[in-house]
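What follows is a set of notes on a single structure, which appears directly below.
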2 protein chains.
Amino acid sequence: MVVDTKVADRRTRTQGRKPAGSAVVDDSPIARLCVENGLKMTGQRRVIAHVLSEADDHPDVEELYRRASAIDSRISVATVYRTVRLLEEKGILERRDFGGGRARYEASDSGHHYHLIDVDSGRVIEFEDDEPVRLLTQIAQRLGFDLVSHRIELFGHRLEKETPKRPLPKSRNKSDT
Amino acid sequence: MVVDTKVADRRTRTQGRKPAGSAVVDDSPIARLCVENGLKMTGQRRVIAHVLSEADDHPDVEELYRRASAIDSRISVATVYRTVRLLEEKGILERRDFGGGRARYEASDSGHHYHLIDVDSGRVIEFEDDEPVRLLTQIAQRLGFDLVSHRIELFGHRLEKETPKRPLPKSRNKSDT
DNA sequence: ATACGTGCAAAGTATTTGCCGTTAT
DNA sequence: ATAACGGCAAATACTTTGCACGTAT
């Protein structure tokens, strides 16, 4: 239903493709988390970790594969699938479903925020707000549950009038491309 | 990840299989909506509409197919897929994703409610609350959007202590078998 | 050394679709 | 009459996996 705009090569600053282990991709925050979780750091994994660390949007596997391949062409989709799965299990990544059939990923450390999907453009806008968690925790409690995680997504139309240019009160926002 | 418990035959009160057009499946609320939307009422469609009207849980296509087949065996999965898709486009059904790979459906008129998924049992508990909409509408507005729809799902563990037996304040709840 | 990682192609799932005979309106 | 519909099997789309080889620790 809602499909996000594809933003190929957005994060790919590297011009030529470099061999794995190259300085550009060393020691990304996510690579560090991999090591901490006892994962072996192969060339492919380092590149994927780097791509994930650089991403500030919500790429799907195909997109991650594209970005990773641009850095080191000897990476297969299968490896990307295996890696995101692994990182999700380790709690390093979070899988999202914004509709459109494919899973999309973002780093777990990307802070507590929610997503607002512009139904017209498919764009994903992130925002922060503490109220929802509070409210939902309370609701879960009333139902006799201990909230372990939750999902909140808003779908809306951009209001043409009052287009907000400056940061909104209580909300830091950041949109995909 | 979270997979709902399969509840086959739960809604299947009919003992033997009846031919399409049988009285049991005539004039279900959803069948009526189909007519209002200018859809042709074939035997299969009537049965599927009936099954959907009776369901008070969130069946996936396979489950719908099972229930519908029990009433009239000459229905194929393809038809179920085509029907739910059509009904979703008409706004009669809503598609849900509770994890586990398959889409699940519920009638749009089933009232405003949310879902809490018991991560241990996979059970889905419905609850009502006005707060979330208010809060989210407000948030969307701050971001310069007009909220057209939203998604809220809670995932939690049942609190063993204080197991609530009676209806909870401000919440009508109803769980998938 | 050896358990873990990877590429490749084949296998799975869930869902859609082409073809063509059937049916509601 | 005729546009929709439905069955079937083949086709898609996304994701997982078996196998044989490579590599980080």
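Throughout, protein chains are lettered first and strands after them, A, B, ... in sequence-line order, and every chain is numbered starting at 1. All of these numbers come straight from a predicted model, not from anything done at the bench.
- The residue among A:G38 and B:V61 whose nearest nucleotide of DNA chain C is located toward the 5' end is A:G38.
- When rounded to the nearest whole Å, the span between CG of B:D72 and P of D:dG6 equals 12 Å.
- With respect to B:R67 and B:D57, a salt bridge is recorded, a charged nitrogen being found less than 4.0 Å from a carboxylate O.
- Between the CZ atom of B:R74 and the C1' atom of C:dT22 there is a distance of 12 Å, rounded to whole Å.
- The nearest whole Å value for the distance from the OH atom in A:Y65 to the C1' atom in D:dT16 is 16 Å.
- Taking the salt bridge (charged side-chain N to carboxylate O under 4.0 Å, His left out) definition, one finds that A:R82 meets it with nothing, sequence neighbours left out.
- Taking both residues in full, the closest heavy atoms of B:I152 and B:P132 are given as CD1-CB, 3.4 Å, listed atom of the first, atom of the second, then distance.
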Side-chain donor-acceptor distances from residues 31-39 of chain B under 3.5 Å, at least two apart:
{"residue": "B:R32", "atom": "NH2", "partner": "B:D27", "partner atom": "O", "Å": "2.6"}
{"residue": "B:N37", "atom": "ND2", "partner": "B:L33", "partner atom": "O", "Å": "2.8"}

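- What separates CD of B:E88 from C1' of C:dT16 is a distance of 14 Å, to the nearest Å.
- The distance between atom CD1 of B:I75 and atom P of D:dC8, rounded to the nearest whole Å, is 12 Å.
- The 5' end of DNA chain D is approached more closely, in terms of each residue's nearest nucleotide, by B:L86 than by the other of A:A103 and B:L86.
- For the ring-ring contact (aromatic ring centres under 6.0 Å, His included) condition, the pairs that include at least one residue of residues 135-154 of chain A, sequence neighbours left out, are A:Y114-A:H150.
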Using a cutoff of under 3.5 Å, can you pull out all pairs of nitrogen or oxygen atoms linking the protein to nucleotides 17-20 of chain D, with atom names and distances?
{"residue": "D:dG18", "atom": "O6", "partner": "A:R82", "partner atom": "NH1", "Å": "3.4"}

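- The main-chain N or O of A:S69 is never found under 3.5 Å from a side-chain atom of A:S73 such that the two would form a donor-acceptor pair.
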B:H157 and A:V148: CA distance, side-chain angles, deciding distance, side-chain contact (heavy atoms from CB on, under 4.5 Å) verdict: CA-CA 7 Å; B:H157 291 296; A:V148 298; 3.2 Å; yes

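- A:R45 has no side-chain polar atom (N or O) that falls below the 4.0 Å cut-off from OP1 or OP2 of C:dC4.
- Atom NZ in A:K90 sits roughly 9 Å away from atom P in C:dG5 (whole-Å rounding).
- When rounded to the nearest whole Å, the span between CG of B:N37 and C1' of C:dT25 equals 16 Å.
- Taking 4.0 Å as the cut-off between side-chain N and carboxylate O, B:E63 and B:R66 count as a salt-bridged pair.
- In this structure, B:R95 places its CZ atom 14 Å from P of C:dA14, rounding to the nearest Å.
- With sequence neighbours excluded, the residues satisfying salt bridge (charged side-chain N to carboxylate O under 4.0 Å, His left out) with B:D97 are A:R151.
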Anything under 3.5 Å between a protein N or O and an N or O of nucleotides 23-25 of chain D, put it in a table, one pair a line.
{"residue": "D:dA24", "atom": "N3", "partner": "A:K40", "partner atom": "NZ", "Å": "3.4"}

